[in-house]
Amino acid sequence: MELSDLEKVRFEKINALRAMGVEPYPTRANPTHSAADAVRAFEAAEASANGESLPVVAVTLAGRLRSMRAMGKITFAHIEDGSGRVQLFMRVNDIGEDGMKLFADYFDLGDFIEAAGEMFRTRTGEITLKVTAFSMLAKALSPLPAAKDEVVDGQVVRHATLTDPEVRYRQRYADLAVNPEVRQIFRTRAAVVRAIREFLDDRDFLEVETPILQPIYGGAAAKPFVTHHNQLKQDLYLRISFELYLKRLLVGGYERVYEIGRDFRNEGVSFKHNPEFTQLEFYCAYADYQKVMKLTEEMIGHVCDKVLGTRQVEFNGHTIDFSGPWKRLDLRQALIDTVGIDIDQHLTGESLEAAIRAKGIQVKPGSPRGKLIDGLLGDYIEPTLIQPTFLYDYPRDISPLAKNRPNDPGTVERFEGFVGGMELCNAFTELNDPLEQEARFKEMGRAYEADDEERHPMDEDYLQAMSYGMPPNGGFGMGIDRLVMLLTDRRTIREVLLFPHLRGREEE
RNA sequence: GGGCGCGUAGCUCAAUGGUAGAGCAGUGGCCUUUUAAGCCAUUGGUUAAGGGUUCGAGCCCCUUCGCGCUCACCA
């Protein structure tokens with residue numbers, strides 16, 4: 001490990017501590033209180049004292065040194081643990097000349113330490129630990145990349161800190177250590193997942209785990225990552241969705257199933273795409289897409305209540321209102337309103353392409369009808385859908401797993417939910433006719449050239465499962481990362497992933 | 001993958017083509033109620049890497065690497 005000048009100074013302190021018989025990385029710590037508990041205990045003591053003399057509140061705290069103000073014969077510092085910060089007060093009267101010197105010479109910002117003493121209030125009123133004993137728990141060799149911060153009305157204000165996004169993502173541990181609001185994002189994220197589980201568990205959904213390594217991938221249109229099992233001499237794919245496995249379980253007799261887990265898609269990285277991302281999918285027997293819309297509204301509302309305590313969500317300068325039913329927009333009508341094209345009047349790719357060009361919009365020549373519609377949707381409708389909106393009734397040729405609308409062969413019962421100008425979820429009345437499903441797979445196969453990476457293999461076993469009888473059902477998929485973006489007001493998916501994907505860096 | 005922008009001390013940032021700087025952090029002092037503590041002094045740079053133009057390059061040109069934004073791609 002190459003040491004910087006600052007690190008060399010600390011390295012020498014480690015050696016010096018060992019030389020004087022002090023272990024800089026001791027095996028055990030023995031805190032009695034968290035920072036927050038110590039403050040609460042002192043406040044309780046004050047409340048009970050009632051003008052009488054205060055009972056002694058003796059505590060031992062463990063945490064990271066976050067500030068130091070040495071003033072000769074006294075020193076102030078702050079110690080921070082997972083619950084918050086407490087000020088430390090050290091005085092030569094209490095810990096002696098040796099103690100003052102040990103702290104001043106060998107303890108640095110970022111070190112984990114233990115401090116014991118009694119709680120009191122300083123002249124300025126801050127609840128503080130008057131230290132009578134302290135020790136090193138873990139010496140920080142590298143200085144944390146933060147300069148200084150202050151506490152104003154209980155809020156930590158940093159005057160200079162780590163902001164370079166590259167360092168923040170590559171060294172997320174340092175980002176988390178110095179930026180408390182980043183720590184909060186991932187607490188919120190955990191609360192979101194917890195609330196979803198709670199909602200679905202309460203409605204008799206069974207949480208399951210299905211294979212991540214799959215011999216045949218499917219359930220979405222995406223390029224997979226490929227890997228190989230050596231002993232079996234078999235290529236395997238990292239799943240791009242859970243859909244086909246979860247629906248097999250409906251055949252097996254579980255009527256409501258869900259899975260929260262990682263999907264992998266070998267595609268571009270953007271503010272809303274990461275090669276691996278967290279997905280929720282659920283399938284509900286005897287439901288159709290209308291029921292799934294209602295379930296979606298309830299579930300997102302429940303998550304807002306649990307995580308934020310309100311259904312008004314601030315995102316990207318907008319106040320998004322999850323308190324009522326989501327707006328419902330017919331995809332065909334929405335396209336008539338926004339681009340002035342009625343897709344029902346253009347039932348072939350050629351015809352639709354001509355209509356789009358007539359509007360002065362550039363498109364890739366020879367695109368299939370479904371892709372053209374999806375393109376219009378993405379360019380002209382999606383960015384305008386700030387408030388929660390269900391766009392429904394999609395073209396059949398881009399929805400091979402969805403059931404047709406009755407008496408409308410070109411359209412399927414599918415919706416996508418949009419919030420904040422971003423696609424959040426995708427759902428449909430699931431196709432459960434095995435012969436129809438086989439025909440759809442074959443249609444899809446024809447739509448791609450033989451060497452197209454997005455061409456999907458036929459999943460015969462899935463058809464076999466469906467042949468045993470699959471109950472009618474409604475299915476749902478949602479990007480958890482995007483929901484967390486909404487609820488934490490972050491514009492990029494990297495901010496809600498602990499370790500987002502970054503390009504590899506050459507070793508030095 | 002394309003376009004645009006960025007990369008300077010540990011962190012946050014300066015520097016007309018003309019001696020690479022500041023604040024904080026660090027180091028050495030002073031200081032018994034501070035909280036961005038204060039005061040005095042002081043260390044620290046392969047200006048992302050490599051090449052070129054020039055009397056002279058952090059700055060101009062080329063290549064590479066990384067990051068950001070954006071476009072394309074993404075049922």
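Quick note on labels: first sequence line is chain A, next is B, and so on, each numbered from 1. Computed from heavy atoms alone, side chains included, the values below leave out hydrogens, waters and symmetry copies.
The residue from A/Q87, A/E118, A/R121 that alone fulfils the side-chain hydrogen bond (donor to acceptor under 3.5 Å, both in side chains) condition with A/T128 is A/Q87.
Under a cut-off of 6.0 angstrom, the local environment of CG in A/N93 is crowded, with over 12 non-hydrogen atoms contributed by other residues, nucleotides or ligands.
Checking B/rC69, B/rU33, B/rU34 against the side-chain heavy atoms of A/T492 singles out B/rC69 as nearest. Among B/rU35, B/rU32, B/rG26, the nucleotide with an atom closest to any side-chain atom of A/V9 is B/rG26.
A/R248 has a carboxylate O that lies under 4.0 Å from a charged side-chain N of A/D461, or vice versa, which qualifies the two as a salt bridge.
Near RNA chain B, meaning a heavy atom under 4.0 Å away, the residues from residues 397-405 of chain A are A/I398, A/P400.
Between A/R66 and B/rA25 there is no side-chain polar atom (N or O) within less than 4.0 angstrom of OP1 or OP2. Phosphate contact (OP1/OP2 of B/rG10, side-chain N/O of A/S4, threshold under 4.0 Å): absent. For A/R494, no side-chain nitrogen or oxygen approaches OP1 or OP2 of B/rC67 to under 4.0 Å. In terms of phosphate contacts, A/R170 brings a side-chain nitrogen or oxygen within less than 4.0 Å of OP1 or OP2 of B/rC67. Remark: A/R69 is not in phosphate contact with B/rU34, judged by side-chain N or O atoms under 4.0 Å from OP1 or OP2. Phosphate contact (OP1/OP2 of B/rU27, side-chain N/O of A/K13, threshold under 4.0 Å): present.
Residue side chain A/S67 does not reach the base of B/rU35 through any donor-acceptor N/O pair under 3.5 Å, judged by distance alone. No hydrogens or angles were tested; on distance alone, nothing pairs the side chain of A/T128 with the base of B/rU33 as donor and acceptor under 3.5 Å. Side-chain N/O atoms of A/E126 and base N/O atoms of B/rU33 include no donor-acceptor pair closer than 3.5 Å.
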As a quick check of understanding, evaluate side chain to side chain donor-acceptor pair (under 3.5 Å) for A/R494 and A/N274, giving each step before the final call. CA-CA 8 Å; A/R494 282 189 262 267; A/N274 195 68; 5.7 Å; no

Return the polar atom pairs (N/O with N/O) between nucleotides 41-44 of chain B and the protein under 3.5 Å, or none.
none

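Between B/rA20 and B/rC59, the distance separating the two C1' atoms is 12 Å to the nearest Å.
One atom, NE2 of A/H273, and another, C1' of B/rA75, lie 12 Å apart when rounded to the nearest Å. Across the protein-nucleic acid pair, A/I127 atom CD1 and B/rU33 atom C1' stand 16 Å apart, rounded to whole Å.
Across all strands, A/A77 comes closer than 4.0 Å to no nucleic acid atom at all (heavy-atom distances).
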